[in-house]
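Some notes on the structure that comes next.
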Number of protein chains: 2
Amino acid sequence: MYRPPILTVDGLIFRHNDGKLELLLIKRKAEPFAGTYALPGGYGSHGQTTQQAMDTILIRKAGLNLKQLEYLEQLYTFDMIGRDPRGHAVSVTYFGILKNAKPKVSSTTESPQFFDIQSLPPLAFDHKTIINYAITRLQAKLSYTNIAVAFMPTHFSLPQLQSLYESILDRKLDKRNFRKQIKAQDLVKETDELLREGRHRPARLYQFTNKRIDTLHF
Amino acid sequence: MYRPPILTVDGLIFRHNDGKLELLLIKRKAEPFAGTYALPGGYGSHGQTTQQAMDTILIRKAGLNLKQLEYLEQLYTFDMIGRDPRGHAVSVTYFGILKNAKPKVSSTTESPQFFDIQSLPPLAFDHKTIINYAITRLQAKLSYTNIAVAFMPTHFSLPQLQSLYESILDRKLDKRNFRKQIKAQDLVKETDELLREGRHRPARLYQFTNKRIDTLHF
DNA sequence: ACAAAAGTGTTAAGAATACACCCATGT
DNA sequence: ACATGGGTGTATTCTTAACACTTTTGT
């Protein structure tokens, strides 16, 4: 009789908030690693695609459903010995982006919480490895896709967009070169609105020219 | 009681032979799609990593084991309704490269055979989609990794290397620019051997400077 | 001597980088 | 009036692309 491996699904939900790149974590209630932070995840069941499983799990653990995400792609499938108390498990991971302006939904079932990527708490399982993998992928995609679209609200200033790039790439960019490149790609178009938010010159607001996100996952 | 989904594993084994990019297919013996060509694949079992499963399946279906491959990476995990007669299945796919000079091992269990990428037979399941995905990935990796190393024999001429690039990218490249770029990356070094193979000037043989293949999978 | 593939450099255009000052606002 | 972040242009280097003739061999 055929006995398949345990299949789990884990989600990496990012957002850009307050100039920082943030990741959604939950605090585990069950053993192993009870009380430790972890990626929201759970078991996939027969008759369900892994994406459907991801959806149910995110709703249960973080009060968030996939339709609220601006972007979702499969990240990688990790199979590691000792991930699961019941033995070897295969985990399909998904990488999602929550748009900045969206309501920050979260039931408190497992105290879902966004953490700045720069200061993550200790993590359960091999989740730190998975997160590093996701960030490297995100950095790579930033250069050859318009994935930035997924993070930004519909109207945004170029300094805000630059802040997104900087928090993902984890380095400062030259303001003039950044603006020149963004404009050269014609990724964005001007609006006639301004954003006033301090005792300094207001920023012009832009919107993206095409809202579709390139869907090449490499 | 928890019932996991069916888990399958499929392999995409490429090689570069006779100036063409080739892919390993087997002819299915069982239903569904009996008699149709397909990627070598099968079920993953409890207590086995997907990579171990890939190994046993390749041995059984094509008389080839993973250690004979020059390169292996995970490609993607497809879950599609109707892939499996027993219902919904999740398939983890691996992408492998067989070095040119390697013995072309193959038991005839399921008549494993290499096909030119340019003229593939009709394929079972959604395997055509998976293959297209793999080729796109391979094309992308060619530009930012030294994955070409995996295809070439230890000693090779630059025209042979160019032929590999051309068969993967499916377009002609300029000879002078190609050689300049390869040399600029210092990917290769000259040997003092020559390859004579026709009534024309012999080609100088080269070897790769570092045999390690970059292992960034993006 | 000729056919056939190997080998070789230069120029032009475009992309990426470095860099410093003026502008519009709130207090 | 001043502090704060928003906004703008040019020069240089590096990268990419286009392009044609000579060399060495086997027959």
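The sequence lines fix the lettering, A, B, ..., with proteins before strands; numbering per chain opens at 1. Not measured: the values here are computed from a predicted model. What's counted below: heavy atoms across the whole structure, side chains too, no hydrogens, waters or symmetry copies.
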Task: Integer-rounded Å distance: C:dG26 P and A:Leu194 CG - done: 11 Å
- [ ] Would you kindly compare A:Arg201 and B:Lys175 by the position of their nearest DNA chain D nucleotide and give the one closer to the 5′ end?
- [x] A:Arg201
Task: Gap between atoms CD and C1', on A:Gln160 and D:dG5 respectively (whole Å) - done: 13 Å
Open item on the list: Need to verify one output field. Residue with the more 5' nearest nucleotide on DNA chain C, A:Arg196 or B:Glu197?
Closed with: B:Glu197
- [ ] Determine the contact category for A:Arg179: base if any of its heavy atoms lies under 4.0 Å from a base atom, sugar-phosphate if only primed atoms, P, OP1 or OP2 are that close, otherwise nothing.
- [x] base
Task: Under 3.5 Å donor-acceptor pair, A:Arg199 side-chain atoms to D:dT4 base atoms - done: no
Task: Exam field: side chain B:Asp18 to backbone B:Lys20, donor-acceptor pair closer than 3.5 Å - done: no
Open item on the list: In whole Å, I'd like the distance from the CZ atom of A:Arg171 to the P atom of C:dA18.
Closed with: 10 Å
Task: Phosphate-side-chain proximity, B:Lys183 and C:dT8, N/O vs OP1/OP2 below 4.0 Å - done: yes
- [ ] Would you mind reading off the distance between B:Leu173 atom CG and C:dA5 atom C1', rounded to a whole angstrom?
- [x] 17 Å
TODO: Check whether the ring centres of A:Phe151 and A:Tyr71 lie less than 6.0 Å apart, and answer yes or no.
DONE: no
Task: Interatomic distance where CG belongs to B:Asn177 and C1' belongs to C:dT10 [whole Å] - done: 11 Å
Open item on the list: Whole angstroms only, please: what is the CZ-C1' distance between A:Phe178 and D:dG9?
Closed with: 18 Å
Task: Contact check, side chains of B:Ile135 and B:Leu23, non-hydrogen atoms, under 4.5 Å - done: no
Task: Whether B:Tyr76 and B:Tyr133 hold their rings parallel, tilted or perpendicular, with breakpoints at 30° and 60° - done: tilted
Open item on the list: Do B:Arg137 and B:Phe95 form a cation-pi contact, if we require the NZ or CZ to be under 6.0 Å from the six-membered ring centre and within 45 degrees of the ring's axis?
Closed with: no
Task: Euclidean distance, atom CD of residue A:Gln185 to atom P of C:dG14 [Å, nearest integer] - done: 17 Å
- [ ] Please confirm whether any donor atom in the side chain of B:Lys180 sits under 3.5 Å from an acceptor in the base of D:dT16, or the reverse.
- [x] no
Task: D:dG9 OP1/OP2 closer than 4.0 Å to side-chain N/O of A:Arg176 - done: no
Task: 5' precedence on DNA chain C between B:Ser157 and A:His200 (nearest-nucleotide basis) - done: B:Ser157
- [ ] Could you check how far CZ of B:Arg204 sits from C1' of D:dT25, rounded to whole Å?
- [x] 14 Å
